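Okay, so here's the structure we're looking at.
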Amino acid sequence: MAFWFCIKHHTVEGDEGCRAKDRLGPYDTEAEASRALETAAERTEEWDNDPQWNDDVEARDGADGRD
């Protein structure tokens with residue numbers, strides 16, 4: 001069974017639940033689903049600070065040719 005986190009109701013749901021556009025997941029456990037917002041925030045922070053994907057660094061450093 002998969003678990004989902006409903007961002008509309010802030011609850012963990014099973015396969016039957018709110019519409020897909022209102023849910024994060026699937027997660028293997030209820031515990032993982034209950035941390036969905038924290039997990040998303042952690043991943044966003046990692047991606048924001050990944051130099052391979054952070055185009056803001058190039059613009060800030062003038063590396064894009066717009067100095």
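This structure is a prediction, so every number in the text was calculated from the model and none was measured.
- Annotation for F3 and A33: closest pair CB-CB, 3.8 Å, computed over non-hydrogen atoms.
- Scored by the side-chain hydrogen bond (donor to acceptor under 3.5 Å, both in side chains) test, E45 finds N49 as partners (sequence neighbours excluded).
- Of all the heavy atoms in F5 and H10, the pair that sits closest is CZ-CA, 3.5 Å.
- Listed here is the closest heavy atom pair of D50 and Q52: OD1-N, 2.9 Å.
- Checked against salt bridge (charged side-chain N to carboxylate O under 4.0 Å, His left out), D22 has the following partners two or more places apart in sequence or in another chain: R19.
- In this structure a side-chain-to-backbone donor-acceptor pair under 3.5 Å is present from E13 to C18.
- Looking at every heavy atom in both residues, R23 comes nearest to E16 through NH1-C, 4.2 Å.
- Criterion: ILVMFWY side-chain heavy atoms under 4.5 Å apart, direct or through other members. Under it, M1 and W4 are not part of a common hydrophobic cluster.
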